[in-house]
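Please read the structure below before turning to the comments.
Scope of the values below: all heavy atoms of this structure, side chains included, with no hydrogens, waters or symmetry mates. Below, read A as the first sequence line, B as the second, and so on, with proteins coming before strands; counting in each chain starts at 1.
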Amino acid sequence: MSLWVDKYRPKTLSQLSYHDSITQNLRGLSKSGDFPHLLMYGPSGSGKKTRIYCTLNEIFGSSIEKLKIDVKTFVTSSNRKLEFNVLSSPYHLEITPSDMGNNDRVVIQDLLKDVASTEQVDFSNQSSKRHRFKIVIINEADSLSRDAQAALRRTMEKYSSNIRLILVCNSISNIIAPIKSRTLLIRIPSPTPNEIGKILHNITEREQVQLSSGDVDKFYERLALASNRNLRRALLSYETLAMQSETINISSNQQLINLDWETIIKSMAKDITTSRNVSTIAKLRTTIYELLSHCIPARIILKTLLFDLVDLHHENNKLVEEVVSTGSIFDERLSLGTKSIFHLEGFIARSMVVIDKYIR
Amino acid sequence: MSMEDELDFQSSALFNSSVEQTEIETFALQSFSPSSKPPLKIKLSNGNTLRIPYKEKSNNEIFTDEIYQDTYINMDLLMKKAELHNKVKENDKKINAMKCTKNEVKSSQIWTERYRPKNFVQLCSAGNDKQYRSISLWLKRWSPIVFGEEFVQSDLVDNLGRPHHKILLVHGPTGIGKTSAVHIIAKQLGYSIQELNAANSLDALPQNDKSSTSSALKLKIINALTSNAINLKNKNKPSCLIIDEIDSLGNSNEVVKTLTDLIYSDQKAYSKKMRKEQDEKKSKKHLLLNRPIICIANDIYNYNSGKLGPNPMDKLRPISQQIQFKKPMTSTTISGAKLSGNAVKSVKDHLMYINKEEKLGLSFQDLGEIVDICDGDIRACINHIQFHRKSIKTNSIMDVQLSWFTMVDQLFKRDPQLSKDENFMRLLDKYMNGDGKSVSGNSNSFDKVIKGAFNRYLNTVYYQDDSLKNPCELSDWLHYYDQFSGFNQMDLSQYYPITSLKIWSLFSEINPNKTQSLIPNVRNLEYESNELLKTNKTIARHAVQNLPINTQIALGNKDISCEFLPYISKMFQPSISSKVKSNLNDIEKKKIEQLTKLVKDFNISLEHSKDFETGLISLKINPNWDSIVNFENHLAPVSFTSLSKQIQFNRQIVFPLITAELDRLEMIRKSANAKRPIEDEAEVKVKKVKLNGNSIDFFKGQYQEVQDQTTTEQNKTARIWVKYNEGYLNAVRKNIGWNDIWLA
């Protein structure tokens, strides 16, 4: 409860501050008492989960917040034990299939069947029929294997009287078409810098954060943009700023908090631009290895590096175009392959060639 | 009577008498044992002479005579004789053995066994000296309780003189001498070794019945820990349990469970002992661990043996002290500092020793290549030498079986005699059909080829033309290879050689120079980064699991290590002006309060840790995410050393403040709890009465005191809560007034 991310997280639909039209729709959905399977997607830190929990709160009341973590055990067909964490309340449960690796199909099948075959009985509220189903939230649905998604589609229809699925993912490109057609797709875009600014301003007042005099809105905007319009990140970095110094200097030349790994990637981009030769590649390889070993996912490295390169050359449209196309090629290779170091280094070499072509 | 008759009689009489005489004589000889006499001559009636020699006394008889005559046994003499006898026998054996080894007839023994080190000095250090020392340090700490040595109270051992972690977990890659080291060190410190490994952990256990399996296992482990060896050689040596290959035991889950149970019961027993409780019955139940347990594992993070579910090592790790063995490699850190420069050399020295013993005539360079081929695995090296010793002699080992190492060499080399096409065709034939197939057909070794090539191509390009065209093309082909090798449904290994041929056509040159690599420590980069990644992942997971559920939801699962942890670690470095709380201003106080809350909510513990070697004390956060957040790269904004100094400095200020704040909160909580019981005191006493039943007198005595406090309440029939069966399902709370109790 002590982190701002947690403390100022809206609990009900009425507390939500942006994307009003989506909020309206969700409210309508919850009023009807019944709703279709949902597929929430959008960039991280845009408030997908928050909206889901707010909706559930609207439907089931505050008991949705009585959360606990269980360890469930499954026995697979080959007689092996499989344990994973399930987060649950009386009305819903939440799973993250990427915990289970290749066996997500078995888990999806077993768990959903298990949940679906037991009907919810609510003695206190017998008159209304609207509490008859249980919600299952599946996080990172885009990392579900094809098998598991195929297993989902039948389950969704068969047990639709007892169970509602809410799939959460960043992009729906990995979701198979049958599932898309069975769900209501809701896209939650990232909040605009202005919206983030309002939220930050609200916190400033409630927490009595000391800001130096200056253009406050400009500061909020800078903070929002620095965190890629990711609200979660914006809040974290704002809290860190507040923690580090008594009064936050909001003048525009003051540095915001930069994460070390981002700084490193930024200087990588500079190196790529300035010294385009083999020895740079050799130097950068050690850097990549270190980033990877510090749990920074390869695709995030590639993405950050690509955007930093684009930033450096934003006046040269042709170059940007080609660098981005190179980046997307290698992004695909990263997600298809397993040896990320090959592809990251390949991207560096290729983008050096591209920059060479336009700058010289 | 006729003459004939008389003659006849004479002869017969003569004959008879002579026979009688000899009989008598022999009898006399036996009974009186006269000294040596000439043999008795007997003339028979037919004219033949018969010689009857006196019986000679045998040595044995003399010996027994001696015994019987002296009526006591000369033990000293006997002992000496026996000893001499044994010595002769032993010498014979030794001579025989020497003969055998010299003849090379009986060298059927595997070399890895023959050259298994026998004592500490023989251990091949392989860059793990520090680890060896830590093992012996840890074992040494047991000596107070095991050998009854006097123990010195220190913060390294608990009050009974045992190390804090009762289990030592040694882990590292295969074949670098974990088992040997542990065995030797334990032996040299005077333990007899009880081993439990994959081969015998399932022995003598009922196979089918699960419940009894674990209890049998437990019994087995406890037996191993409590019994002393009766074996003559190790008489009265305390035992030390070594669980080998714990990560690949068939029943590793149960073993680990048994160990955790043991540790748990040990903690109970220990705390009981510390409190000096006399409850005999209960203390019997909890076993106090007083023998060391050492577990050996290959990989304590990955759980890839095809089993699903959580890794049993996850449970073992927190209760054990870990020592990681490292592959011998001449490695440098990214910043350039040498880590274990002599590691490879020590391995080579070890191999050289074998080389000399076996008279193989290998040079240091040959050995270096062997170490490379085997990837630092000492056991594999020795096996390699033994297997190839014949071919090594003729210096043709590299051609007998194409190793991945050679293949990489070939890929970067072009034969000047042949045209490019001919050269290509020759390699193609070699890899598709010839001896190269053994490498290119095996995805594992081919992976090494590709990695080797990947590690080398930059150097080649650098010396060739420094253009980026070829590296770009290579990246496409690496993608091709990555795709094909990751394809699970089918074995596509027959397409692998294409990648290698492409590498050849891109980078081969006539005189490949093996000069200094552009990237320092290129060969071990991947291995090291993987190891670090595994550790960091565990730390991140640990950190997340400790968070409260709501925070977990708010943070999401994905970006923990690239967003949450860096920010949190920055939050823990606030700018605080003073170490003393009273000197702080309000805002700083508030910050400390917030941080304290975070520490409490996130289950973070602040720890002092002391480095084994340098003795430096550093402040750490547990789970220790420093290794995730801090980079030691040349591109990092602040250099690693100054960053860590800065962090330490900051923590020295912040940590005491937080701990003080934690203590204060604890005090507040306690006092809040303490306020209530004054009123509840009566209740407690009611309970006591209920329990004792007969001690009304006792109650009356207490009543006087209580009455003073509760007279007013009593008059108003104050309600008293009475709890029955607290903590159980059928718990009941009901209101009872004072009067109810008095009247009843």
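- The line from CD1 of I281(A) to OG of S475(B) is 9.5 Å long, rounded to the nearest 0.5 Å.
- Note on D482(B), L478(B), L468(B): by heavy-atom pairs under 4.5 Å with chain A, the leading option is D482(B).
- At a 4.5 Å heavy-atom cutoff, the contact between D447(B) and chain A is made by side-chain atoms alone.
- Contact annotation for E332(A): neither backbone nor side-chain heavy atoms come within less than 4.5 Å of a heavy atom of chain B.
- Residue Y8(A) qualifies as enclosed at atom OH: its count of foreign heavy atoms under 6.0 Å is above 12.
- Contact count versus chain A (heavy atoms, under 4.5 Å) is highest, among P566(B), P471(B), A540(B), for P566(B).
- Of the two parts of Y457(B), only the side chain, counted from C-beta on, holds a non-hydrogen atom closer than 4.5 Å to a non-hydrogen atom of chain A.
- Closest non-hydrogen pair, V278(A) versus S467(B), comes out as CG2-O, 4.1 Å.
- Interface remark: L67(A) contributes backbone and side-chain atoms alike to the contact with chain B (heavy atom separation under 4.5 Å).
- Counting heavy-atom pairs closer than 4.5 Å to chain B, the top-ranked of the candidates T263(A), V168(A), L236(A) is L236(A).
- Using a 4.5 Å cut-off on side-chain heavy atoms (C-beta onward), I450(B) and K339(A) make no contact.
- L336(A) places a side-chain heavy atom less than 4.5 Å from the side chain of Q483(B).
- The choice from S237(A), A349(A), S279(A), G346(A) that makes the most heavy-atom pairs within less than 4.5 Å of chain B is S237(A).
- Heavy atoms closer than 4.5 Å to chain B are found in the side chain of R9(A), but not in its backbone.
- For a residue to count as touching a neighbouring chain, one of its non-hydrogen atoms must lie under 4.5 Å from one of that chain's; by this rule L291(A) touches chain B with backbone and side chain alike.
- The side-chain heavy atoms of R333(A) and D476(B), taken from C-beta on, include a pair separated by under 4.5 Å.
- Residue N530(B): no heavy atom, backbone or side chain, is found under 4.5 Å from chain A.
- With a 4.5 angstrom heavy-atom cutoff, I568(B) touches chain A only via side-chain atoms.
- Here E345(A) is the residue among K266(A), M352(A), E345(A), K49(A) with the most heavy-atom pairs under 4.5 Å with chain B.
- Under the 4.5 Å side-chain criterion, counting only non-hydrogen atoms from C-beta, K537(B) is in contact with C295(A).
- I341(A) touches chain B through backbone and side chain together, each having a heavy atom under 4.5 Å away.
- Ranked by non-hydrogen atom pairs under 4.5 Å with chain B, the options K68(A), M243(A), K270(A) are led by M243(A).
- Using a 4.5 Å cut-off between heavy atoms, Y53(A) touches chain B through its side chain atoms alone.
- Using a 4.5 Å cut-off between heavy atoms, E262(A) makes no contact with chain B at all.
- Distance check, rounded to the nearest 0.5 Å: CD of E239(A) to NZ of K570(B) gives 15.0 Å.
- L259(A) CG to Y567(B) OH: the interatomic distance, rounded to the nearest 0.5 Å, is 4.5 Å.
- For the atom pair K469(B) NZ and R350(A) CZ, the distance stands at 11.5 Å (nearest 0.5 Å).
- H294(A) has its side chain within reach of L532(B): a pair of non-hydrogen atoms, C-beta onward, lies under 4.5 Å apart.
- Below 30°, between 30° and 60°, or above 60°: for Y481(B) and F342(A) the angle between ring planes is between 30° and 60°, a tilted geometry.
- The side-chain heavy atoms of F564(B) and R232(A), taken from C-beta on, include no pair separated by under 4.5 Å.
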